[in-house]
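Residue numbers begin at 1 in each chain, while the letters A, B, ... track the order of the sequences.
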Protein chains: 2
Amino acid sequence: MKETLLCPRLSKAMELLGKRWTALIVYQLMDGAKRFNEIESSLPISGRLLSERLKELEKEGIVERTVFSEVPIRVEYNLTEKGLALKEVVGGIETWSKEWL
Amino acid sequence: MKETLLCPRLSKAMELLGKRWTALIVYQLMDGAKRFNEIESSLPISGRLLSERLKELEKEGIVERTVFSEVPIRVEYNLTEKGLALKEVVGGIETWSKEWL
DNA sequence: AACATAAGGTTACTTTATGTAACTAAATAT
DNA sequence: ATATTTAGTTACATAAAGTAACCTTATGTT
């Protein structure tokens with residue numbers, strides 16, 4: 001695999017969004033905060049991977065994690081401004097899928 | 001991994017676009033037909049996987065393959081109407097990446 | 001006290017996807 | 001006969017994803 005002159009930002013964006021589940025997780029958060037188990041139930045993803053993806057998204061500043069120290073513990077995830085900006089992208093994919101799939 | 005009520009078309013779209021390299025291949029074809037080696041040179045992808053992805057995209061009707069029986073052989077790939085419709089999606093990702101990455 | 005429950009994970013292990021490098025086919029040129 | 005070129009394919013190694021069992025904390029039940 002050799003190096004190229006491909007736009008590094010587009011490349012980075014695809015590394016994120018092109019990772020399995022990432023866009024669908026963002027999609028789940030598009031209409032407001034959700035808890036870990038809610039996301040897990042709404043997608044055919046395993047807890048292991050959901051945990052991994054949420055960490056990545058948090059590190060990228062796309063998702064924000066809020067812990068409520070109740071019993072049992074409650075953790076909510078919601079999109080940051082950066083994440084909300086992805087609405088257009090995911091919306092575009094949704095539109096395309098409705099027209100062509 | 002359990003079943004969900006997730007929109008099957010969006011789900012399918014993400015299975016395609018969320019596969020490594022797929023969107024970047026489409027991006028490479030956005031400004032006209034390209035040959036196998038041209039795509040391979042413009043992306044850090046291996047020939048093995050490029051071949052696999054192009055077959056998938058062809059099967060999905062996103063990419064069209066044209067063989068020119070010259071010597072040496074020449075094969076061109078270009079987007080179908082369905083593939084061209086993805087310009088907006090990939091363009092949206094590009095826009096987002098420029099603003100947020 | 002002993003056990004169960006619940007959320008939000010983590011760990012160990014298996015299967016699938018991706019990356020690497022060498023090889024093939026066809027037609028021509030040296 | 002050997003080399004060159006394009007567009008792949010094959011065999012093998014490594015990385016990522018899937019599965020299932022387990023952990024922690026704080027309560028609630030027997």
Is a side-chain N or O of Ser97(A) found less than 3.5 angstrom from the main chain of Glu94(A), in a donor-acceptor match? yes
Strictly below 4.0 Å, N to O, side chains only: are Glu52(B) and Arg20(B) in salt-bridge contact? no
Under 4.0 Å, heavy atom to any atom of DNA chain D: which of residues 67-77 of chain B qualify? Pro72(B), Ile73(B), Arg74(B), Val75(B), Tyr77(B)
Starting at CG of Leu54(A) and ending at P of dG8(C), how long is that distance when rounded to a whole Å? 11 Å
Tell me the interatomic distance from Glu38(B), atom CD, to dA7(D), atom C1', rounded to whole angstroms. 13 Å
Taking NZ from Lys55(B) and P from dA7(D), how many angstroms apart are they, rounded to a whole number? 15 Å
Counting N and O atoms only, with roles assigned by atom type, does the side chain of Ser51(B) sit under 3.5 Å from a partner on the main chain of Gly47(B), one being a donor and the other an acceptor? no
Look at the side-chain N and O atoms of Ser51(B) and state whether any lies under 4.0 Å from the OP1 or OP2 oxygen of dT9(D). yes
Apply salt bridge (Lys or Arg N to Asp or Glu O under 4.0 Å) to residues Glu56(A) and Arg53(A) and explain how you reach the verdict. CA-CA 5 Å; Glu56(A) 291 164 5; Arg53(A) 286 292 179 277; 3.4 Å; yes
Is there side-chain contact between Leu54(A) and Phe36(A), with at least one heavy-atom pair below 4.5 Å? yes
Produce the list of close N/O pairs, under 3.5 Å, pairing protein atoms with atoms of nucleotides 14-17 of chain D; give distances to one decimal.
from    : atom 1 : to       : atom 2 : distance (Å)
dA17(D) : OP1    : Arg53(A) : NH2    : 2.8
dA17(D) : OP2    : Arg53(A) : NH2    : 3.1
dA17(D) : N7     : Arg48(A) : NH2    : 3.1

Please report how far the helix from dA1(C)-dT30(D) to dT30(C)-dA1(D) bends, comparing the axis fitted to its first five pairs with the axis fitted to its last five, to the nearest 10 degrees. 40°
Just the rounded figure in Å: distance from C1' of dA6(C) to CD of Glu40(A). 13 Å
